[in-house]
Amino acid sequence: YLEEVGRIEATSAQPIDGGFTVTFALTGARRDRFETRLKWLLQKEHGQSAEDRRHTRFEPREKQSQITMPDGREYNCEVVDISLSGAAIKCEVMPSLGTYVLLG
């Protein structure tokens, strides 16, 4: 899982100075989405990209909260920002993509 990119399937390959190369296991639509996301990140890094969110994000005054999983397990978290369409949180667990959680 890569921050600002999401879940990526890949294998490490040849070692290089300071790291290693990566072989991605992406095809079709997944590859296209990944490529689009990487281009967006490059543009964002160079100040050339406007945020593509539908709703304005707000940073809450009280950042400490909790999430509740569908099976009732609860985890403390920090709310980074929140909008009408979602929230960015920092948490010790990483729910599977598509898992509904209760925040608050």
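Sequence positions, counted from 1, serve as the residue numbers for this chain.
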Just verifying a value: how many Å separate I82 CD1 and T56 OG1, rounded to the nearest 0.5 Å?
13.0 Å
Please check if atom CD1 in I16 has more than 12 non-hydrogen atoms from other residues, nucleotides or ligands closer than 6.0 Å.
yes
Membership question, hydrophobic clusters at under 4.5 Å side-chain separation (ILVMFWY): are F24 and F20 in the same one?
yes
Minimal heavy-atom distance between C91 and Y75, with the atoms involved, is SG-CB, 3.8 Å
How long is the span from the CD atom in E74 to the CE atom in M69, to the nearest 0.5 Å?
11.5 Å
Roughly how far apart are R31 CZ and E35 CD, rounded to 0.5 Å?
6.5 Å
Search all heavy atoms of P95 against all heavy atoms of T99 and return the closest pair with its distance.
CB-CB, 4.0 Å
CD1/I89 to CD/E78 distance, rounded to the nearest 0.5 angstrom?
10.0 Å
Tightest non-hydrogen contact, residues D81 and P60, listed as CA-CD, 4.2 Å
Measuring from F34:CZ to I8:CD1, what's the distance to the nearest 0.5 Å?
4.5 Å
Between L102 and V93, is there a shared hydrophobic cluster once you connect ILVMFWY residues whose side-chain heavy atoms come closer than 4.5 Å?
no
How about CG on D17, more than 12 heavy atoms from neighbouring residues, nucleotides or ligands closer than 6.0 Å, or not?
no
pair V80-K90: side-chain heavy atoms closer than 4.5 Å:
yes
Answer yes or no: does atom NZ of K63 have more than 12 heavy-atom neighbours from other residues, nucleotides or ligands under 6.0 Å?
yes
